[in-house]
Amino acid sequence: MTPLRLGIDLDGVVADFNAGWMARFNREFGTDLNPALVQKWDGLADLTHFDHMGQFWRWARNEEGSSIFRDLPLIEGAAVALAELARDHNIVIITAKPRWAIHDTYAWLADNQIPTREVHITSEKWKVPCDVYVEDSPTQLAEIAAKRPEALVVRFVRPWNQPLPRAVDVTSWPEFTTLIAAGAGVR
Ligand SMILES: [Mg+2]
């Protein structure tokens, strides 16, 4: 079997960003937010009392302690799927993060025993060469599809993204492992 370079996004794909920040927000402010409320890519501040995303990120950074990126729960099935995929392929983590979240991201990857030898923290994800990309961001999906025509682009289906002509959809981690086991992404 040819080992593939699998470019894996974190937030919304491996890490449950919305469940994580909402748990912290609910504890702090006595609210009852749940991840099903997130239906758009840019609507997080509307779910809170924050006037704009700048305020949200200031809170998320939490300068007195760890940021929200330190203790996000795993997306269902991600740990098992990554362990399985890592036996035959290279897991390449590609995640866009604010500068202040870099150390929390590495700590999170270690805590959760993510089987990777290669981590890229960048918003220019397409620049990291991979055979397959798994992503949930509508802007990243469009950019990778446009700039990596040779690669397989996989949309991790979420309410905040839409089908793309060049992307294959998966709705769960078992679906992704099945796709790769069937030979998708091999050139
Ligand atoms: Mg993401």
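Basis for what follows: all heavy atoms, side chains included, without hydrogens, waters or symmetry-related copies. Nothing here was measured: the structure is a model prediction, and the numbers come from that model. We number each residue from 1, following the sequence as shown. Both ligands and their constituent atoms are indexed starting at 1 by order of listing.
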Verdict with reasoning, Y133 to W126, per ring-ring contact (aromatic ring centres under 6.0 Å, His included): CA-CA 9 Å; Y133 295 85; W126 67 274; 9.8 Å; no
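- Note: R148 CZ to D131 CG = 10.0 Å, rounded to the nearest 0.5 Å.
- Under a 4.0 Å N-O distance rule, the pair D11/K97 qualifies as a salt bridge.
- For the Mg ion (ligand 1), the set of protein N/O/S atoms nearer than 2.8 Å consists of D9 OD2, D11 O, D136 OD1, ordered by chain and number.
- N18 CG to N34 CG: the interatomic distance, rounded to the nearest 0.5 Å, is 10.0 Å.
- In summary, of the residues considered (W57, F29, F56), a ring-ring contact (aromatic ring centres under 6.0 Å, His included) with W21 occurs for F56 alone.
- E63 has its side chain out of reach of W100: every pair of non-hydrogen atoms, C-beta onward, lies at least 4.5 Å apart.
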